[in-house]
Protein chains: 2
Amino acid sequence: MTKEGLQSDTTRDRVLSTSAGLFCQHGYAGVSMRKIAESCDMKAGSLYYHFSSKDQILTEVLNMGIEKVHAAVAAALRESSVDVSASDRFRHAIAGHLHALLEYSSFTSANVRIFRQVPPSVQHSTLEVRRRYEALWDGFLGDLKSQGQLRNDVDIRSFRLMLIGALNATLEWFDPELGDITELANRYADMLANGIFAERCT
Amino acid sequence: MTKEGLQSDTTRDRVLSTSAGLFCQHGYAGVSMRKIAESCDMKAGSLYYHFSSKDQILTEVLNMGIEKVHAAVAAALRESSVDVSASDRFRHAIAGHLHALLEYSSFTSANVRIFRQVPPSVQHSTLEVRRRYEALWDGFLGDLKSQGQLRNDVDIRSFRLMLIGALNATLEWFDPELGDITELANRYADMLANGIFAERCT
DNA sequence: GTCTATACCGGGATAGAC
DNA sequence: GTCTATCCCGGTATAGAC
């Protein structure tokens, strides 16, 4: 890799990270190439040396967000596969999601907040990455169920949708500077695994 | 109320309902007064007879969304206060939220999707309505807890945030044309009240 | 690799005719 | 109550100098 290649990469990365923050704060249409450039101490025209369009920047931002979370959950499951109880693996997977979600929040909350308002072509180019992440959870939850760890009447897809929805919503109120993410994960895992009622009921 | 007053109200309502759909689909900045007008078979200038600005339209849309959900949950709690088990009241409250959320989805998903990307002045003017809704849930959950219906180690604010996050996320995938909202509510209420694990664990 | 300059389009809001 | 016309600003993207 050449020197020019490396330098180009770091400028690219700075643009992507800055854009992510702007997209999640102002929405797709609320972010202009001029504003992205200004936040990077550049001029708008220069961005087109690195990216062919605003939509290309957006696509890369969205995919990076999902990939960060996917990698964190996959690692959590890999590192706790033997000699670990089902509830601990569940807890670790949730902690992986929340840590990546809240620590790369510019990239991840761009996904959560603006996915439905970006052009269909951009939505389409992130679908595969999204499906792979859903499949990771469905696989894990399916394993738990076939081991008899889950109640038989729990539908895995419904639960996965509820779980990811609940976790992603923490972006709207949790501040990693003020609270402990691991503790948050433990609370959520406990409520989701055991429920909140004193007595289980039908 | 005069005839003119009534006619003005229906035009206002048409504009609000159309705008809600556009805002939740395209985001705050992605919706122009010209597009709102076009979707209402009007011209942009005419909108300013009914509203003083784009932000005023947005503010009314956001508040209407929360108020619809608030009213539905309040009604569900009112109608099931006597002779109804705690888990049934819980179920009914969740059903109230989901029914209003998904049936007035233009107004409600404008809230869920774009609240963080609207101008701070608009955010501010919806805060009171949002707080009142949170207080409704905190009151109900606090009652359940003081009656001993909830586990002692469950934190009400954490659970309320998790609950509302999980419910609101259904906007992103549930289609009321294809599925039964009451059944969805029952599934969610069951998973949240009882947990998903076969055996409760620490 | 970044700049300036520019083409072309569309934004919110207002004024005043009808 | 709705229209047209207009003001002024800012959008994406390109061309070509440096």
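Proteins get letters first, then strands, A, B, ... in listed order; numbering begins at 1 in each.
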J.: Atom CG of residue position D180(A) - does it have more than 12 heavy atoms of other residues, nucleotides or ligands inside 6.0 Å?
T.: yes
J.: To the nearest Å, how far apart are Y28(A) OH and dG11(D) C1'?
T.: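 After rounding, the reported distance stands at 11 Å.
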J.: Nearest-Å distance, CG (D41(B)) to C1' (dC3(D))?
T.: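 In whole Å, dC3(D) C1' lies 14 Å from D41(B) CG.
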J.: Mark yes or no for whether R160(B), through its side chain, and D138(B), through its backbone, hold a donor-acceptor pair below 3.5 Å.
T.: no
J.: Looking only at the aromatic ring of each residue, does the gap between the centers of Y133(A) and H97(A) stay below 6.0 angstrom?
T.: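 Ring centres of Y133(A) and H97(A) closer than 6.0 Å.
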J.: At under 4.0 Å between heavy atoms, which parts of nucleotides 4-18 of chain C does protein reach? Answer with one letter per nucleotide, 5' to 3': B base, S sugar-phosphate only, - none.
T.: B------BBBB----
J.: Rounded to the Å, how far apart are R12(A) CZ and dG1(C) C1'?
T.: 14 Å
J.: Does a salt bridge link K43(A) with E38(A), judged by any charged N lying under 4.0 Å from a carboxylate O?
T.: no
J.: S158(B): which residues meet the side chain to side chain donor-acceptor pair (under 3.5 Å) condition with it, sequence neighbours left out?
T.: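 Scan of S158(B) (side chain to side chain donor-acceptor pair (under 3.5 Å), adjacent residues dropped) gives R187(A), D155(B).
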J.: Strictly below 4.0 Å, N to O, side chains only: are E103(A) and K68(A) in salt-bridge contact?
T.: no
J.: Where the side chain of Y49(A) is defined as all heavy atoms beyond and including C-beta, which of dG1(D), dG1(C), dC3(C) is the nearest nucleotide?
T.: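 Nucleotide nearest to Y49(A)'s side chain: dG1(C).
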J.: Taking CG from L47(B) and P from dT2(D), how many angstroms apart are they, rounded to a whole number?
T.: 9 Å
J.: Rounded to whole angstrom units, what separation is found between the CZ atom of F51(A) and the P atom of dG1(C)?
T.: 12 Å
